[in-house]
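Just below is one structure, and these are the notes that go with it.
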Amino acid sequence: ARIVIEVGLAYGSSALAIGEALCSTGGSQVSHIVIDPFQATAYHNVGWDVLNAAGLAGRTSLFGEPSSIVLARLAQDGFTADAAFVDGSHRFHEVFVDLYFLRKLIRPGGLIIGDNALWGGRVYVSEESDEKTRAVREFNRRMATDPRVLGIIVPTHDGVAVAVVK
C-alpha cells in the first residue's frame, strides 16, 4: 500500500503501525491521511506528537474535521487510496457515512478495516440496543453482505472487520 486513510488517531498507536508499514513497503512515495476532529481537544495532540517524534509527520496529513466532511471532500476531488483503517466514532450515522465514502475512495482490491467489530461481545447480546452497539452490529452486517466488498470478522482482541473492495 502507498496511500492509507485512517479515521481516528487518539494516542497514535495504530497510526505508528500504519506509518511503519507504509515506509517499509512504499518507499518515499507514501501518504497517510489521518482524520480526527478530537485530536487537539480530547487528546491534546498526543497522537500527532507521537507521529512527529517517530519522524512520520512528513508523510502524514492530519485533518481536524469530522470524517464525514473530509471523506466527502476527498471523494469529490477524485482521491483514491489503497486501504482504510476505521477506529473513530461509533455513533450510528457517522459509521455509515464513513463506510459510504470509503467504498468510493478505496480502490478495487484495497482494504477497509474496522476496529472493535466485537464491541466487547455486546454485538452478540440481543438485549444490547444502545446506539453504538447497534452501529457496530450494522457495520458488521453491511461489511458481510454488501456486494461491493468481500468482508470477514477476525476474532482477535476486540475484533477486526476486514473487507476487500471489489
Side-chain angles (χ1 to χ4, degrees), residues 1 3-18 31-43 46-48 60-166:
I3 302 170
V4 175
I5 298 170
E6 181 173 3
V7 178
L9 176 58
Y11 297 108
S13 56
S14 298
L16 283 174
I18 292 168
S31 178
H32 186 186
I33 307 298
V34 178
I35 305 166
D36 192 335
F38 305 107
Q39 183 55 208
T41 57
Y43 296 98
V46 170
W48 184 244
T60 306
S61 300
L62 174 63
F63 293 88
E65 303 166 85
S67 56
S68 58
I69 303 294
V70 177
L71 295 174
R73 187 167 52 237
L74 291 172
Q76 183 178 8
D77 292 345
F79 186 84
T80 303
D82 301 306
F85 178 70
V86 182
D87 190 15
S89 171
H90 292 88
R91 292 176 43 191
F92 196 75
H93 65 285
E94 291 169 345
V95 169
F96 295 107
V97 172
D98 287 351
L99 186 56
Y100 172 81
F101 283 114
L102 289 172
R103 284 189 306 236
K104 295 178 175 295
L105 291 164
I106 305 304
R107 67 168 172 77
L111 297 175
I112 300 173
I113 302 166
D115 199 16
N116 307 117
L118 299 178
W119 198 237
R122 291 186 298 276
V123 294
Y124 298 113
V125 179
S126 60
E127 295 82 30
E128 293 285 343
S129 62
D130 63 277
E131 179 186 24
K132 291 180 180 182
T133 301
R134 286 186 298 115
V136 173
R137 195 179 285 139
E138 185 62 17
F139 181 86
N140 293 343
R141 188 190 69 74
R142 289 186 187 228
M143 291 280 269
T145 62
D146 188 324
R148 295 166 289 186
V149 300
L150 177 61
I152 63 166
I153 294 177
V154 181
T156 181
H157 185 52
D158 195 24
V160 179
V162 180
V164 177
V165 177
K166 293 180 182 180

For Pro66 and Ile35, the nearest pair of non-hydrogen atoms, with its separation, is C-CG2, 4.2 Å

For Ser68 and Ala72, the nearest pair of non-hydrogen atoms, with its separation, is O-CB, 3.2 Å

Here the gap from Gln76 atom CD to Phe101 atom CZ, rounded to the nearest 0.5 Å, amounts to 9.0 Å

Heavy atoms of Ala10 and Asp36 approach each other most closely as N-OD2, 2.9 Å

query: Taking Arg107 for the side chain and Asp82 for the main chain, is one N or O donor matched with an acceptor at less than 3.5 Å?
result: no

> So, Asp146 and Arg148, do they make that salt bridge, N to O below 4.0 Å?
Replying inline: yes

Discussion item. Ring centroids only, cut at 6.0 angstrom: are Tyr43 and Tyr11 within range, meaning strictly under it?
Written reply: yes

Report yes if the side chains of Ile106 and Val149 come closer than 4.5 Å at any heavy-atom pair, otherwise no.
no

Looking at Glu128 and Arg137, is any side-chain nitrogen of the basic one under 4.0 Å from a carboxylate oxygen of the acidic one?
no

Is Gln39 reaching over with its side chain to a backbone N or O of Trp48, donor-acceptor style, under 3.5 angstrom?
-> yes

Correct closest heavy-atom pair for Phe79 and Leu105 would be O-CD2, 3.3 Å

The reported gap from OG in Ser61 to CD1 in Ile5 (rounded to nearest 0.5 angstrom) is 11.0 Å

- Query: Does Glu138 pair with Arg141 as a salt bridge, N-O distance under 4.0 Å?
  - Reply: yes

The reported gap from CD in Glu6 to CD1 in Ile33 (rounded to nearest 0.5 angstrom) is 11.0 Å

Worksheet item: Is there side-chain contact between Val165 and Arg103, with at least one heavy-atom pair below 4.5 Å?
Response: no

Rounded to the nearest 0.5 Å, the CD1 atom of Ile153 sits from the CG atom of Asn140 at a distance of 3.5 Å

Would you be so kind as to tabulate the donor-acceptor pairs closer than 3.5 Å made by side chains of residues 109-118, with sequence neighbours excluded?
from: Asn116; atom 1: OD1; to: His90; atom 2: NE2; distance (Å): 3.2
from: Asn116; atom 1: ND2; to: Asp158; atom 2: OD2; distance (Å): 3.0

Taking distance alone, no hydrogens or angles, what donor-acceptor pairs closer than 3.5 Å link side-chain atoms of residues 91-99 to residues at least two apart or in another chain?
from: Glu94; atom 1: OE1; to: Ser89; atom 2: OG; distance (Å): 2.2
from: Asp98; atom 1: OD1; to: Ser67; atom 2: OG; distance (Å): 2.6
from: Asp98; atom 1: OD2; to: Ser67; atom 2: OG; distance (Å): 3.4

